[in-house]
2 protein chains.
Amino acid sequence: MTIALDAMGGDRAPGIVIAGADMARHRFPGLRYQFYGDGEHLEAMLAGKDGLRACSTVHHADSVVTNDMKPSHALRHARDSSMQLAINAAREGRVDGVVSAGNTGALMAMAKITLKTLNGIDRPAIAGFYPTMRGESVMLDLGANVECGVENLVQFSIMGEVFSRTVLGIPRPTVGLLNVGIEDAKGHDEVKQAAARLRGMDLTMEFLGFVEGDDIGAGTVDVFVTDGFTGNISLKTAEGIVSLYNSLLRQAFRSSIPARIGYLLARNGLAKLRTRIDPRRHNGAMLLGLNGIVIKSHGGTDAFGFANAIGVAVDMVAHGFNDKIIKELEIYGAAPPAAVRAAYS
Amino acid sequence: MTIALDAMGGDRAPGIVIAGADMARHRFPGLRYQFYGDGEHLEAMLAGKDGLRACSTVHHADSVVTNDMKPSHALRHARDSSMQLAINAAREGRVDGVVSAGNTGALMAMAKITLKTLNGIDRPAIAGFYPTMRGESVMLDLGANVECGVENLVQFSIMGEVFSRTVLGIPRPTVGLLNVGIEDAKGHDEVKQAAARLRGMDLTMEFLGFVEGDDIGAGTVDVFVTDGFTGNISLKTAEGIVSLYNSLLRQAFRSSIPARIGYLLARNGLAKLRTRIDPRRHNGAMLLGLNGIVIKSHGGTDAFGFANAIGVAVDMVAHGFNDKIIKELEIYGAAPPAAVRAAYS
C-alpha cells in the first residue's frame, strides 16, 4: 500500500509530515510513501532517516497551496503544487490514498475536480470523529457544503453508515439527523424531508430520526448527519469548549499548593482523560464520496496527529471503503426496497 | 417591580418555581411575584412560607401547556393555561416581566402573538449566555427561528449589542457573525450579505465580521449572532461536551485511591471550575424583540437555576432594555448614518 503525502500542507510542514510518516510506518509495516513537495528540502530532511527513506520516494512540486488561497484560485493557478500532484498520483493509480494538512477548501475542490465523485453522489462530504460517552462517533458534513439539499443529506447518511460499518466495523450503525428537536415537526424543510426519505427507503441502516446537539457528547448514534455549515460550527464549538475546560482545569490545579499535590496524585487518571479527548487522536477527516481516498489532517496538528491521519487513510484503503460504498449506492439507486434488504442479508 | 411566574412550567414545577422565587426574593428586596397555576395547590405550597407569601399573589389557571404540545395547538387550546395568563399579565401592564420554564416553542408563540414584536423587529430571537475564557458572552438566536434571512441576522446583531451594552454594562460590545471561516468569501449568502450590511451601516457597534465555533469558548466577541438552527445545535453541542468532560473527570478521580485523595486536595479549585461552567448559573434565556420582558428558564433546572432566570428578568426590567432597544431601532430605521453616530456620542 502506498500513500501520497502533501509534504508542504499545514502550519508546520514539512517537519511534522515527515516525522508523522516515520511514526506511522512502525504501525503499518510494508506501507510506502510518496512525498510531494520541495524536492531538495525533502531529500535533505530524509537524509538521516534510513528506515523512512527506504520506503519513500520524493516527487518535486514547484509550488504550494497556501492557507489563504481561494479554492477557485488554487484550481487554476496551483497545478504544479504539492497538493495537486499528490491528488494526481491517486487519479493515475500510482498511490492508494492521499493525506494533506493543507487548505481544506482547495483540497476538496482539487480532489473533486481531479478524482470526480462516485456514481450516485452529487457532492462529497467531510467526515470526522468525535469522542463520546460511548467511545467515538462519526459526523458529516464538517464543512464541505455550506448549503445542503435533501438529497445531499440522504447521501451523507448512506456514506456515513457504510463508513461506520465497513471501516470502523460496527455491525449495524445507528444514524441520526442533527436537528433542533426530536419531534417530526421540528426543523427546516431539508431535514424534515431528508428524515422522511430515510424512513421510507427501507434501507437496513438503523435510522433513528432526529438527534440534538447534546447527543453528540452522549454518543446517542454512531453517525451524525448534518449540513456543512452546522457541522463545522458544531465541531469547532466542541473544540473551543474542550480548550476552555482544559484551561480552567489547569487553573484549578494551580490555584493552591494542595491542589498541585492533588494533581500529582490524580495524574494517571487525568492522563487517560486527556488521551480520551485528545484532538490529535481524532485527527484525520475523510473526504467521502470521491473516486479515491483523501484524508485531511488538521493544519495545526503535530507528528502524532499526522500519523493518525495516515492511519485513517490506511484503514479506508485496507477495508475497501470505496468499493463497498459503490456497491451500496448501486443497490440504493437501482433496486426495489425488498431487494435492498435481501442484498444486505 | 413585579414578575409573573408560570408556576406550572418545567420538569419539576411548581416546586422549583416556588423555591427559586423564595431564593431570588432575598437577592432583590422589594420584588413582588404573581404566581400563575393551580391555585389551590399553590396556596398550599405557599402556606408555610410567610416571607414569600407576603410579596406574592396567586392567580388560578385551569390548564397547563405540556412539553409535547405544538405551539400552534397551545395557541388555540391553552388560552386558560398558566403560561398564557402570565403573558397576558405582561400585556396588560400588571407585571414587568414573565419567567417560565415551560415549552419553549409555545412560550415564544404565545409571547409573540400576545405581546407583539417591537417596531422594526420582524422576528424575536432567543438569546442566552455562554461561559468563555474571558467571562461570559451572549449568543442569539438559540432556536426561535430555524431559518433566518439577512434582515433577521442584522436585527439580531443590533438586539444583542444593545442587550450587552445596556443590561450587561459592556461599554462597547463586540459583535461577530458565526460562520465556517473568517474570510469574506466563506459561508452562505445570508451570512455574507448580513456581514456586508452590518459593515455598511456605520453603526457604532464594534462589528468584527465573521467568527468561528471555537471563538465561542474563547470569548472572542461579546455577542455571537447566528440563525436559530445553528445556534441551538451549537449551544447543545457545548452542553453535551461539558457533560462528557464532567463525567470523564469524575471517572478519572475515581480511578485509584491516590486519585481520590488528589480530588480531595484539589476540590476547592475544582469547585470554582464547576461554578464557572455551571449551566444553572447561565440559566435564563431572553426572548428579545418583544413588547415585554419574557425569560425562558431551562425546563430541567433546579431552584437555584430558576432564581437566576428571575434575576435575568429583574436585570432587563431594571435596565429598561426594551425602551433602549426601541430608541436604537428608531435611529437605525430612520436616520442617516451620520445621525446614528451622533446619537450614540
Side-chain angles (χ1 to χ4, degrees), chain A residues 68 70 105 131-133 143 146-147 178-181 183 185-188 212-219 226 228-230 232-245 247-249 251-256 258-270 272-273 276-277, chain B residues 68 70 105 131-133 143 146-147 178-181 183 185-188 212-219 226 228-230 232-245 247-249 251-256 258-270 272-273 276-277:
Chain A
D68 54 358
K70 278 193 194 177
T132 76
M133 279 307 290
V146 290
E147 276 169 304
L178 267 186
N179 198 356
V180 296
E183 301 83 3
K186 286 285 174 80
H188 48 56
E212 298 192 63
D214 50 352
D215 287 310
I216 297 169
T226 190
F229 190 82
T230 312
N232 180 283
I233 289 174
S234 164
L235 171 73
K236 287 187 178 160
T237 298
E239 288 175 356
I241 296 297
V242 168
S243 296
L244 170 65
Y245 206 134
S247 146
L248 293 176
L249 195 55
Q251 280 177 28
F253 284 123
R254 283 178 190 159
S255 61
S256 68
R260 282 171 194 265
I261 299 168
Y263 170 73
L264 293 176
L265 289 169
R267 73 183 152 183
N268 285 340
L270 292 168
K272 251 179 257 165
L273 154 70
R276 188 67 194 283
I277 53 168
Chain B
D68 54 359
K70 279 194 194 175
T132 75
M133 280 304 292
V146 291
E147 277 170 302
L178 267 186
N179 198 357
V180 297
E183 301 83 5
K186 288 284 175 79
H188 47 57
E212 298 192 64
D214 51 352
D215 287 311
I216 297 170
T226 190
F229 190 82
T230 312
N232 181 282
I233 289 173
S234 164
L235 170 73
K236 287 187 178 159
T237 298
E239 286 175 357
I241 296 298
V242 168
S243 295
L244 170 66
Y245 205 134
S247 146
L248 294 175
L249 195 56
Q251 279 177 30
F253 284 122
R254 283 176 190 160
S255 61
S256 70
R260 281 172 195 266
I261 299 168
Y263 169 74
L264 292 176
L265 289 170
R267 74 183 151 180
N268 285 340
L270 292 167
K272 249 179 258 165
L273 153 70
R276 188 67 193 283
I277 53 167

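Here is how names work: the chains are called A, B, and so on, in the same order as the sequence lines, proteins then strands, and each is numbered from 1.
- Side-chain contact check for A/Tyr245 versus B/Leu249: some heavy-atom pair is nearer than 4.5 Å.
- Taking OG1 of B/Thr230 as the start and CD1 of A/Ile233 as the end, the distance is 5.0 Å to the nearest 0.5 Å.
- When heavy atoms are compared at a cutoff of 4.5 Å, B/Ala238 approaches chain A by way of both its backbone and its side chain.
- Looking only at heavy-atom pairs under 4.5 Å with chain B, the residue among A/Ala185, A/Gly269, A/Gly217, A/Gly213 that has the most is A/Gly213.
- At a threshold of 4.5 Å between non-hydrogen side-chain atoms, the residues B/Asn179 and A/Phe229 count as touching.
- The distance from the CG atom of B/Leu273 to the CG atom of A/Leu244 is 9.0 Å, given to the nearest 0.5 Å.
- Within the 4.5 angstrom heavy-atom criterion, only side-chain atoms of B/Ser255, from C-beta onward, approach chain A.
- Within the 4.5 angstrom heavy-atom criterion, no atom of B/Glu183 approaches chain A.
- Comparing B/Ala218, B/Gly143, B/Gly181, B/Gly187 by heavy-atom pairs within less than 4.5 Å of chain A, the highest count is held by B/Gly187.
- Only the side chain of B/Ile277 comes within less than 4.5 Å of a heavy atom in chain A; its backbone stays farther off.
- In the displayed structure, A/Arg267 atom CZ is contacted under 6.0 Å by at most 12 heavy atoms of other residues, nucleotides or ligands.
- Using a 4.5 Å cut-off between heavy atoms, A/Ile216 touches chain B through its side chain atoms alone.
- The parts of A/Ser234 that come within reach of chain B are both its backbone and its side chain, each placing non-hydrogen atoms under 4.5 angstrom from that chain.
- The structure places CG of A/Leu264 at 13.0 Å from CD1 of B/Ile261, a figure rounded to the nearest 0.5 Å.
- Contact record, B/Val180 with A/Lys236: O-NZ, 4.0 Å, taken as the closest heavy-atom pair.
- Taking CG of A/Leu248 as the reference point, atom CE of B/Met133 lies at 6.0 Å (rounded to 0.5 Å).
- Highest contact tally toward chain A, considering only B/Lys70, B/Glu239, B/Glu212, is held by B/Glu212 [criterion: heavy-atom pairs under 4.5 Å].
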